[in-house]
4 protein chains.
Amino acid sequence: MAGSVNKVILVGNLGRDPEVRRLGNGEPVVNLRIATSETWKDKGTGERKEKTEWHSVVIFNENLGRVAEQYLKKGSKVYIEGQLQTRKWTDQQGQEKYSTEVVLQRFRGELTILDSRGGGASEFGDEEPGQVARGGEFGRSPPMERRPEPAGASRHSDFDDDIPF
Amino acid sequence: MAGSVNKVILVGNLGRDPEVRRLGNGEPVVNLRIATSETWKDKGTGERKEKTEWHSVVIFNENLGRVAEQYLKKGSKVYIEGQLQTRKWTDQQGQEKYSTEVVLQRFRGELTILDSRGGGASEFGDEEPGQVARGGEFGRSPPMERRPEPAGASRHSDFDDDIPF
Amino acid sequence: MAGSVNKVILVGNLGRDPEVRRLGNGEPVVNLRIATSETWKDKGTGERKEKTEWHSVVIFNENLGRVAEQYLKKGSKVYIEGQLQTRKWTDQQGQEKYSTEVVLQRFRGELTILDSRGGGASEFGDEEPGQVARGGEFGRSPPMERRPEPAGASRHSDFDDDIPF
Amino acid sequence: MAGSVNKVILVGNLGRDPEVRRLGNGEPVVNLRIATSETWKDKGTGERKEKTEWHSVVIFNENLGRVAEQYLKKGSKVYIEGQLQTRKWTDQQGQEKYSTEVVLQRFRGELTILDSRGGGASEFGDEEPGQVARGGEFGRSPPMERRPEPAGASRHSDFDDDIPF
DNA sequence: TTTT
DNA sequence: TTTT
């Protein structure tokens, strides 16, 4: 529909390491499981309570997928921006099922790592992390100069590297 | 979890009139069905394509529920802010099912009507609409004065009317 | 800083027609003036009050700039997503000034027209409007197929048209 | 204006300790200075570049102000949600100035602490942190039960404690 | 089931 | 300077 917005913003932690499938051309498709939670105080008992919500995230965005694959692990805290999508599927018993996911389409969405070094509980080495990446770019574009001079900016030059951060 | 965010922002149109259930105390619980869609041009055929996504929205917020009940109808365009929640239920065949909804909790979320008079295709009368409402208030609080004087502001007085807009 | 987010979301109306400057290469840079407002009821007098906030928006994103230039006019209602930027400048009296703007960088941000036909009060003709556009694309990419087959997707083919909607 | 949205979302770090003023009734008004930044690679030189943006945040929301006062310090990483406001003032030379701030009004906005123990560089003791707080509540409301029974929920009971987290 |  |  003309004039619609479908946006999900999550800040939460990975419940497990990212799951990576790979397309024929080598592009990763990454699935994340992210927990958000709320805490409150029960007014009757005074107890602290907590309710956790689990979210399935699917990253089709190539650059963000590579960032997720390389730097995220179980326990990592991330900022994620995607869109809601519900898909229908049939289980092995022939039952129709619906799954709603937060999807980062190709060239869309955002993923920002919020803990240093990707945080997390994994035993894997801690390479220098790449903490920010955005969907609508191949590599990274520099922030456009404000009040730009009317000098010709070659569009091509914005895309000559393919490193996501 | 400490430090998490769970937020959904939708701008879309109601696929049908709001469905209202009522709690024992008279508070409405309102269900909306909202469509968002994307359009693009198929590069092979040049055809214009469209994909619509349907969202289930549940409003527990009392004021926003009353606004939805009174002013929204099939076709209305709204801005909605809520949170993602997935609940498990068992159907009549004993099958476990999961449903993911966008929930506006009590005293939380936002709902803004984006078309004049609530828009829509319903045959019902067009009363004067109340187009903006926010979750964290009983009635409406005035915007706080900037750089306020250190004069005592009585909190109570912010809540002495219960009109949502 | 690694791990930061700078995002502004506005839904409001244009106070005047868009202002368009043009770069040496023909790319438009579009300035919008957008009003948002809040209404509330004064508890003392029972009067309805309103406070309007004006926002300066600058669109460096080429596609979104073209959409704004073609379809927006005074009075149009839009959804805008950009980032906050403050720039320093010196006025004619040599005074240092600061201006904060909502900026849609190249290949970034979103702009969605929320009224049919771009709405508005302008005397200009009402061409067929293009109501949705997104920053991170040259033309429009189709939504990625869910659960994609491992067939090689040629990235180039996503960009072979330059029509923003 | 009916049907408008004015929302800013920031994830960034405090450049200095919070500044607290106090109203006549003891409510805190807290000013924060928050940095966000972007990094990219210069395509000519291959250098890594960074551009930092500084944001002024003003918290009139009483609960969030108390959280900020108690748990934030220089270096803390926060998620902030507020609205854009520009105010005019006159400097000591009689010059008119404009300042744009991200404002968390009374009972509005969100503040979430993203680093454990409030993070930061301050020398002060590390009390148990309160990492999540939301504007539209006095104390904390429990998440509303889904599919609630039509049993009367006493509204009063949601507000009988005044602890922000 | 909406909207364009 | 918009909109309701």
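In the text below, chain A, chain B and the rest are named by the order of the sequence lines, each starting its count at 1. These values consider heavy atoms only, across backbone and side chains, with no hydrogens, waters or symmetry-generated copies.
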Winner on side-chain proximity to B:Asn13, out of F:dT2, E:dT3, E:dT1, is E:dT3
Just jot down the side-chain hydrogen bond (donor to acceptor under 3.5 Å, both in side chains) partners of C:Glu19, sequence neighbours excluded, or say none. C:Arg16
Excluding sequence neighbours, so at least two apart, what forms side chain to side chain contact (heavy atoms under 4.5 Å, CB included) with B:Trp54? B:Arg33, B:Ala35, B:Thr52
Can you check the C:Arg16 CZ to F:dT2 C1' distance for me, whole Å? 11 Å
In whole angstrom, give the distance that lies between atom NZ of B:Lys73 and atom P of E:dT3. 12 Å
Do D:Ser4 side-chain and F:dT3 base share a donor-acceptor contact under 3.5 Å? no
Could you give the CH2-to-C1' distance, from B:Trp40 to E:dT4, as a whole number of Å? 14 Å
Integer-rounded Å distance: E:dT2 P and B:Asn31 CG: 18 Å
Rounding to a whole Å, what distance do you find between C:Leu14:CG and F:dT2:P? 11 Å
Measuring only between side-chain heavy atoms, which start at C-beta, is C:Val102 closer than 4.5 Å to C:Ile34? no
Residue C:Glu50, side-chain atoms from C-beta onward, closest of E:dT2, E:dT1, F:dT4: F:dT4
Looking only at the side chain of C:Arg33 (C-beta and beyond, no hydrogens), which of the listed nucleotides E:dT1, F:dT1, F:dT2 gets closest? F:dT1
Any stacking of C:Trp54 on F:dT2, going by centres under 5.5 angstrom and planes within less than 30 degrees? no
For the pair made of CG in B:Asp115 and P in E:dT2, what is the distance, rounded to whole Å? 15 Å
C:Asp17 CG - F:dT3 P separation (whole Å): 11 Å
Spacing between C:Tyr71 atom OH and E:dT4 atom C1', to the nearest angstrom: 13 Å
I'd like to know if the side chain of A:Asn61 and the backbone of A:Arg108 have a donor-acceptor N/O pair within less than 3.5 Å. yes
